[in-house]
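Per chain, numbering begins at 1; letters A, B, ... match sequence-line order.
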Amino acid sequence: MSVYEVLEERGFIQQVTHDEEVRELLAKEKITFYIGFDPTADSLHVGHFLGMMVMAHMQRAGHRPICLIGGGTTMVGDPSGKTDMRRMMTREEIDANGERFKKQMQRFLDFAEDRALMLNNADWLLDLNYVEFLREIGVHFSVNRMLTAECYRNRMEKGLTFLEFNYMLMQAYDFLELNRRTGCVMQLGGADQWSNILAGADLIRRKESKPAYGLTFTLLTTSDGRKMGKTEKGALWLDPEKTPPYDFYQYWRNIDDADVANCLALLTFLPMDEVRRLGALAGSEINTAKKTLAYEVTKLIHGEQEADKARQAAEALFGGSDDLDNVPTTVFTPADIVGKRIIDILPATGLVASVGEGRRLIAGGGLYIGDDKVDDQNCVIGEAAVSGGSLMLRKGKKTYHRLVIEK
RNA sequence: GGAGGGGUUCCCGAGUGGCUAAAGGGAGCAGACUGUAAAUCUGCCGGCUAUCGCCUUCGGUGGUUCGAAUCCACCCCCCUCCA
């Protein structure tokens, strides 16, 4: 089975520039391909991870991935899929984010002996000469045609700056540059990148008279079409500092029934037979599939050890095991707690953002100590409560936080 | 540069002098029901507090007024049309 078929079967593929040719190319040759990642935040998120999965599948099949960090393109900002221009970022910010991207990417691909490359388009974009660029690259773009592209069309109402309008040319130029430097012949990207990818492939065909291909993969969406990976605290980050492995695990553990099979196919390497079997489980049986999904994805991103811990914590809290070591915990001294109102220490655990929110939580009957509902907003923690060395707080049905008291 | 229309709480969006911490919807949190799911119904949803108390918020600054998100002046930003 070729990678193309693998990607197809797993539901990655959205659009391809040349279906037959690409199918054959990937089956018969080892190619170099790339995906660009603009470092607009200080961590990758699940959306990026989907791209890394595609790269990993491709690398396993013997193709060579290039992770292109968009140190140059981020200076301009991709308007695709956005209704407003995003904040302009400083060079320092972009570079710092780029470094973090690099670190996180190392774990998903094998970079040894150039089996995968990591490049930064700042290296060729930032020193470009404006007039030369316009004459060499700009001539090949028809404004009329650009304006009909989906990514610009929805911006015609809200407005589009000339800065952003140039993004497509820069990304097209990247592809050309990579083609010249490394023989890269294919660009992959999320479905929103279709126009940018086409522009690059066209540019190469025109300037180099060589074939170039593009392929987009589906965005991670829920069965009802919403973007996946959103949490109460924003995106689902790959950085354990921003999204702790336990929270990450729980996100997938709580996924909609309807999305389980899709996520297993896209975000894990489980064989498709297994994916189909798990996805077909009915009723509460499907929880098995969710556990597998949560464990596998957490393992890929945070490693086996963290995945074990997360699973173990979940088992302790929901499954009845009593090993609470890996449950989210805050450590206090007796002086921090004894005689204090529960409401005043609650924000320090991260369970609520403010005292007021904690108050409302209690008023709504959503806070528990152990299995006892807290009724009194001014409930004070007594000596006796602390004698056991720890307290289990619970917000709602499934958010737990353990207080450990260290003398 | 000219003419017109805008900038409201996380998002969308109502609000044109006191009854406005600000309608409605979405998102989010909690309760019931469940399978750590979905759908549904209910409550909460700026901060601090003893619920009716105080503080901060409606692009910015300065005014008018007993009192302003609402009126005036100037400034900044966005959109549409014209150049």
Answer with base, sugar-phosphate or nothing: what part of the nucleic acid does [X] contact at a heavy-atom distance below 4.0 Å?
X	value
A:Ile286	base
A:Ala314	base
A:Glu285	nothing
A:Arg253	base

For [N] and [M], measure between their [atom1] atoms and round to the nearest Å.
N	M	atom1	answer
B:A68	B:C58	P	12 Å
B:U61	B:C52	C1'	35 Å
B:A38	B:G18	P	43 Å
B:A23	B:C45	C1'	15 Å
B:G4	B:U40	C1'	47 Å
B:G60	B:G67	C1'	22 Å
B:U51	B:A32	C1'	25 Å
B:G15	B:U34	P	44 Å

Side-chain N or O of [X] closer than 4.0 Å to phosphate OP1/OP2 of [N]:
X	N	value
A:Arg359	B:C29	no
A:Lys397	B:U34	no
A:Ser284	B:A37	no

Pairing check on [N]: which nucleotide meets the Watson-Crick or G-U wobble criteria with it, both distances under 3.5 Å?
N	result
B:G24	B:C12
B:U34	none
B:C74	B:G60
B:U80	B:A3

Picking from [options], which would you name as closest to the side chain of [X]?
X	options	result
A:Asn378	B:A50, B:C48, B:G35	B:A50
A:Lys395	B:C29, B:G47, B:G35	B:C29
A:Arg341	B:A50, B:G35, B:A30	B:A50
A:Val355	B:A37, B:A50, B:U49	B:U49
A:Tyr368	B:G31, B:A37, B:A30	B:G31
A:Asn287	B:G47, B:A37, B:G35	B:G35

Between [N] ([atom2]) and [X] ([atom1]): distance, integer Å:
X	N	atom1	atom2	answer
A:Leu367	B:G43	CG	C1'	16 Å
A:Asp259	B:A37	CG	P	14 Å
A:Lys291	B:G35	NZ	C1'	10 Å
A:Asp256	B:U34	CG	C1'	14 Å
A:Gln377	B:U51	CD	P	6 Å
A:Phe318	B:G35	CZ	C1'	12 Å
A:Arg360	B:U51	CZ	P	12 Å
A:Asp376	B:U51	CG	C1'	15 Å

Before accepting this row, confirm whether a basic side-chain N of the pair [X]/[Y] lies closer than 4.0 Å to the acidic partner's carboxylate O.
X	Y	value
A:Arg277	A:Glu274	yes
A:Glu357	A:Arg360	no
A:Asp308	A:Lys299	no

| task | Find the distance between CG (A:Leu134) and CG (A:Asn166) and round it off to the nearest 0.5 Å. | result | 8.0 Å
| remark: Nearest-nucleotide check on RNA chain B, A:Arg394 vs A:Gly356; residue mapping nearer the 5' end is A:Arg394
| query | Which comes earlier along RNA chain B counting from the 5' end, the contact point of A:Gly283 or that of A:Leu361, where each point is its nearest nucleotide? | reply | A:Leu361
| field | Residue pair A:Val275 / A:Ala265: nearest heavy atoms and the distance that separates them | value | CG1-N, 3.9 Å
| Is there a side-chain contact between A:Phe49 and A:Leu300 (heavy atoms, below 4.5 Å)? | yes
| task | Give a yes or no on whether A:Asp371 atom CG has more than 12 heavy-atom contacts from other residues, nucleotides or ligands under 6.0 Å away. | result | no
| Distance under 6.0 Å and angle within 45° of ring axis: A:Arg253 vs A:Tyr295 | no
